[in-house]
K.L.:
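My questions will all concern the structure given below.
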Amino acid sequence: QSTWGHTSLVFFLLTRSLAMATKLFGVTIEAGLARDGNAYELPAVVDRVIEFIDATSLAVEGIFRLSGAQSVINTLKADYDAGGDPDLFELNDAHASAGLLKLYLRELPEPLL
């Protein structure tokens with residue numbers, strides 16, 4: 001039984017390490033960049049939201065003032081934290097995308113300014 005307990009602990013620690021390795025929200029900008037192998041100049045979520053807003057939503061009134069559906073924002077966050085890369089163009093929701101960016105910035109462990 002002690003072997004099983006040890007195995008469970010090792011599995012738990014490995015699973016937790018993998019989850020932390022893919023997590024994008026609540027980690028430093030440097031950790032977010034490292035998650036994607038420094039393939040971008042910005043963390044993936046920031047890059048994707050800016051790309052989407054620039055291409056489709058610059059004329060949307062109150063884009064950062066009006067909030068998107070919290071359930072959509074939470075789903076997008078969970079997808080990014082699981083290592084995913086959701087297609088914001090397919091979603092086509094300017095307010096949820098802007099809300100996702102605001103959430104990312106709020107959850108940074110160190111403020112930008």
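Computed from a prediction, not measured in an experiment: that's the story for all the values here.
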K.L.:
Can you name the residues that form a side chain to side chain donor-acceptor pair (under 3.5 Å) with Asn74, not counting sequence neighbours?
P.N.:
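Counting only residues at least two positions away or on another chain, Asn74 forms a side chain to side chain donor-acceptor pair (under 3.5 Å) with Gln70.
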
K.L.:
Is there a path of hydrophobic side-chain contacts, each under 4.5 Å between heavy atoms, that joins Leu88 and Leu66?
P.N.:
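No.
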
K.L.:
List the atom of Val72, the atom of Ala96, and the distance in Å for their closest heavy-atom pair.
P.N.:
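Closest approach of Val72 to Ala96, heavy atoms only: CG1-CB, 3.7 Å.
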
K.L.:
Is the backbone of Leu42 close enough, under 3.5 Å, to the side chain of Asp47 for a donor and an acceptor to pair up by distance?
P.N.:
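No.
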
K.L.:
Please examine the side chains of Leu91 and Pro86, heavy atoms only from C-beta on, and report whether any two atoms are closer than 4.5 Å.
P.N.:
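Pro86 does not reach Leu91 side chain to side chain.
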
K.L.:
Contact between Leu33 and Ile29 at the side-chain level, heavy atoms closer than 4.5 Å - yes or no?
P.N.:
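Side chain of Leu33 against side chain of Ile29, heavy atoms only: contact under 4.5 Å found.
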
K.L.:
State which residues pass ring pair (Phe, Tyr, Trp, His ring centres under 6.0 Å) with Phe64; sequence neighbours excluded, sorted by chain then number.
P.N.:
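Ring pair (Phe, Tyr, Trp, His ring centres under 6.0 Å) check on Phe64 returns nothing, list empty.
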
K.L.:
Can you tell me how far apart CD1 (Ile73) and OG (Ser97) are? Round to the nearest 0.5 Å.
P.N.:
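It is 8.5 Å, given to the nearest 0.5 Å.
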
K.L.:
Apply side chain to side chain contact (heavy atoms under 4.5 Å, CB included) to Thr28 and list each qualifying residue two or more places apart in sequence or on a separate chain.
P.N.:
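With sequence neighbours excluded, Thr28 shows a side chain to side chain contact (heavy atoms under 4.5 Å, CB included) to Glu30, Ala31, Pro109, given in chain and number order.
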
K.L.:
Determine the minimum heavy-atom distance between Gly32 and Val27, stating which atoms define it.
P.N.:
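Nearest pair, atom of Gly32 first, then Val27: N-CG2, 4.0 Å.
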
K.L.:
Would you compute the distance between atom CG of Leu103 and atom OG of Ser67 and round it to the nearest 0.5 angstrom?
P.N.:
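Output value for this atom pair is 12.0 Å.
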
K.L.:
Once ring pair (Phe, Tyr, Trp, His ring centres under 6.0 Å) is applied, what residue pairs with a partner in residues 84-113 remain, sequence neighbours excluded?
P.N.:
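Matches after skipping sequence neighbours: Phe25-Tyr104, Phe52-Phe89.
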
K.L.:
Quick one: salt bridge (Lys or Arg N to Asp or Glu O under 4.0 Å) partners of Glu107, sequence neighbours excluded?
P.N.:
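Applying salt bridge (Lys or Arg N to Asp or Glu O under 4.0 Å) to Glu107 gives Lys77.
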
K.L.:
Taking only residues two or more places apart in sequence, or in another chain, which ones meet Asp85 in a side chain to side chain donor-acceptor pair (under 3.5 Å)?
P.N.:
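In terms of side chain to side chain donor-acceptor pair (under 3.5 Å), with neighbours along the sequence ignored, Asp85 is linked to Arg48.
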
K.L.:
State, to 0.1 Å, how close Ala44 and Arg35 come at their nearest heavy-atom pair, and which atoms those are.
P.N.:
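Heavy-atom minimum between the residues: CB-NH2, 4.2 Å.
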
K.L.:
Any side-chain heavy atom of Leu101 sitting closer than 4.5 Å to one from Val45?
P.N.:
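Not touching, per the 4.5 Å side-chain cut-off.
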
